[in-house]
Amino acid sequence: MVSAVPTESAQARPVTEAIARVLAQARRVQTPCGAEGGHLVWHAWGGGAGADPVPLVLLHGGSGSWTHWLRNIEALVAAGREVWAPDLPGFGESDGVPGGLDADTMLAPLQVGLQAFFGNKACDLVGFSFGGMTAGMFTAAYPDAVRQLVLVGAPGLGVGDGRRARLLGWRHLESAQAREQAHRHNLQALMLHDPAAIDADTLALHADNVVRDRLPRRRLSQTEVLAQALGRVSCPVQAIYGVHDVLYVDRHADLQQVLERAAPRFAGLHWVADSGHWVQYEQPQRFDAQLLVCLELGLKAA
């Protein structure tokens, strides 16, 4: 069952003007998730006459929401794509899957939504970080639902997982200033390469996302689950990573080898300069250009 909800209710108080602007252009839809009455919340932009008939679905990273793609949506719509971005179960506005603690329990609710929206029509699927791992697992489980797959900064490949950033806890901190300092540290330690990129809006967006994270015990990203899933993916697969992604520092060649070995139809690993893990946010113009090139290459290889 799909239910449309007015966009204004999507976020009662958008934490930045940019979020409010992009939300104002969105359609908000809910599909079933988990227990009876649970919902998976989606936002969609673009479409209509002249748009690419294949929907572009974006999956956000861990402790995130659709706003991980905030700086990319408008450009992708301007390029002629209809863009769909869910809040994955247990993140953002979406309900969790009862008993679900990781990406493996998110696949069925995602398929329910995509089937409701698109029927048997395949989408182009792009996943960032935890969402990239989820996207790879989803494509392996539901091959007919995906025309091509693009991984962005994805873990779960058995490469660089021992180099995790040292993040600070923040939920126990009493003062807003102390929590902000912890968020700033974590953004610089894991997400962004240039400390100057951590402005007030970025801090607000990040803080709003992490406070709504209800899946703190995720563990699959520290395994080879994505590499294993890619062996069962039959569509073209490409990857985009930030040159300075802290998870893969000095491991670029290893990452290339693992992707080539894991995905039967691997079509290329692309690096974006001057960016860290959250590549699409730190260098949105470069990322958008690279993603659109990837989608064209994938289409030719399909």
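For the numbers below, each heavy atom of this structure counts, side chains included, while hydrogens, waters and symmetry mates do not.
The backbone N or O of G80 lies less than 3.5 Å from no partner atom in the side chain of D52, so there is not a single donor-acceptor pair. Side chain of S129 to main chain of G131: no donor-acceptor pair is present (N/O by atom type, distance under 3.5 Å, no hydrogens or angles). Remark: side-chain polar atoms of R214 are paired, donor with acceptor, to backbone N or O of G92 under 3.5 angstrom. Checking side-chain atoms of R179 against main-chain N and O of L173 turns up a donor-acceptor pair under 3.5 Å. R81 contributes no side-chain N or O that, together with a main-chain N or O of L292, makes up a donor-acceptor pair within less than 3.5 Å. Here the side chain of Y241 pairs no donor or acceptor atom with the backbone of L255 at under 3.5 angstrom. A side-chain donor-acceptor contact under 3.5 Å links E282 to the backbone of G276. A donor-acceptor pair under 3.5 Å links the side-chain atoms of R265 to the main chain of S234, judged by distance alone. At least one donor-acceptor pair under 3.5 Å links the side chain of D95 to the backbone N or O of H39. A distance-only check finds a donor-acceptor pair linking the side chain of D102 to the backbone of R219 [under 3.5 Å].
Classified by interplanar angle (parallel below 30°, tilted 30° to 60°, perpendicular above 60°), the ring pair Y142/F138 is tilted. Ring-plane geometry between F287 and W69 is classed as tilted, the angle between the planes lying from 30 to 60 degrees on a 0 to 90 degree scale. Between W42 and W84, the angle of the ring planes goes over 60°, which puts this pair in the perpendicular group of the 30/60° scheme.
Here the side chains of L70 and I19 are in contact, with some heavy-atom distance below 4.5 Å. At least one side-chain heavy atom of E180 sits less than 4.5 Å from a side-chain heavy atom of L203. Considering only heavy atoms from C-beta on, D254 stays 4.5 Å or farther from L157 through its side chain. In this structure, the side chains of V152 and V279 come closer than 4.5 Å at one or more pairs of heavy atoms. Side-chain contact between L40 and P89 is present, with at least one heavy-atom pair separated by less than 4.5 Å. You'll find the side chain of V97 reaches within 4.5 Å of the side chain of C33, heavy atoms only. Two residues are said to be in side-chain contact when any heavy atoms from C-beta on lie closer than 4.5 Å; V150 and L125 fail this criterion. Proximity of L56 to L295: side-chain heavy atoms (C-beta onward) are separated by under 4.5 Å at one or more points.
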- Dump the intermediate steps for side-chain contact (heavy atoms from CB on, under 4.5 Å) on R147 and C235, then the final yes or no. CA-CA 6 Å; R147 182 177 70 167; C235 70; over 6 Å; no

- Pair S94-L88, side-chain contact (heavy atoms from CB on, under 4.5 Å): steps then yes or no: CA-CA 6 Å; S94 291; L88 292 170; over 6 Å; no

- Message: Apply side-chain contact (heavy atoms from CB on, under 4.5 Å) to residues L297 and Q148 and explain how you reach the verdict.
- Response: CA-CA 10 Å; L297 290 173; Q148 58 180 315; over 6 Å; no

- Could you walk me through whether T67 and H60 pass the side-chain contact (heavy atoms from CB on, under 4.5 Å) test, one step at a time? CA-CA 8 Å; T67 59; H60 64 77; over 6 Å; no

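For the residue pair Q238/H270, the side-chain donor-acceptor check at 3.5 Å is satisfied. A donor and an acceptor atom, one from each side chain of S275 and Y281, are nowhere located under 3.5 Å apart. Side-chain atoms of D201 and T16 form no donor-acceptor pair, as typed in the model, at a separation below 3.5 Å. Defined by atom type and a distance below 3.5 Å, a donor-acceptor pair is missing between the side-chain atoms of N209 and S63.
For the pair P86 and L110, the tightest heavy-atom approach, listed with the atom from each and the gap, is CG-CD2, 4.1 Å. What you find for A189 and A165 is that their closest heavy atoms are O-CB, 3.2 Å. A26 and H43 make their closest contact through CB-CD2, 4.1 Å (heavy atoms, listed as atom of the first residue, atom of the second, distance). Residues T139 and V146 share a closest heavy-atom pair of OG1-CG2, 3.6 Å. Contact record, A103 with T134: CB-OG1, 3.3 Å, taken as the closest heavy-atom pair. The two residues H244 and V249 come nearest to each other via the heavy atoms O-CG2, 4.5 Å.
Between atom CG of residue L107 and atom CG of residue D104 there is a gap of 7.0 Å, rounded to the nearest 0.5 Å. Atoms CG and CH2, from L23 and W66 in turn, are 4.0 Å apart once rounded to the nearest 0.5 Å. The CG atom of L114 sits 12.5 Å away from the CG atom of D144 when rounded to the nearest 0.5 Å. Between atom CD of residue Q280 and atom CD of residue Q290 there is a gap of 13.5 Å, rounded to the nearest 0.5 Å. Here the CG atom belonging to N72 is positioned 4.5 Å from the CG atom belonging to D288, to the nearest 0.5 angstrom. Here the straight-line distance linking atom CZ of R261 with atom CD of Q256 works out to 11.5 Å at 0.5 Å rounding.
Placement of V246 and F128 within a single hydrophobic cluster is found when ILVMFWY residues are connected by side-chain heavy-atom separations under 4.5 Å, directly or transitively. Cluster annotation: V243 is connected to L291 through the hydrophobic network of ILVMFWY side chains, with a link wherever side-chain heavy atoms come within less than 4.5 Å. Both V126 and W271 are assigned to one and the same hydrophobic cluster, defined by single-linkage of ILVMFWY side chains at heavy-atom distances under 4.5 Å. M133 and V258 fall within a single hydrophobic cluster, where Ile, Leu, Val, Met, Phe, Trp and Tyr side chains are chained together by heavy-atom contacts under 4.5 Å. Under a hydrophobic-cluster definition in which Ile, Leu, Val, Met, Phe, Trp and Tyr are linked whenever side-chain heavy atoms come within less than 4.5 Å, directly or via other members, V159 and L151 are assigned to the same cluster.
With D245 as the partner, the side-chain hydrogen bond (donor to acceptor under 3.5 Å, both in side chains) test is satisfied by one option alone out of H193, H277, H252, R251: H277.
In summary, R28 and E93 engage in a salt bridge, as defined by a charged side-chain N under 4.0 Å from a carboxylate O. Using a 4.0 Å cut-off between charged nitrogen and carboxylate oxygen, R21 and E74 count as a salt-bridge pair.
Surrounding CG of D199 are more than 12 heavy atoms belonging to other residues, nucleotides or ligands, all under 6.0 Å away.
The cationic group of R218 lies under 6.0 Å from the six-membered ring centre of F130 and within 45° of the ring axis, placing it in a cation-pi geometry.
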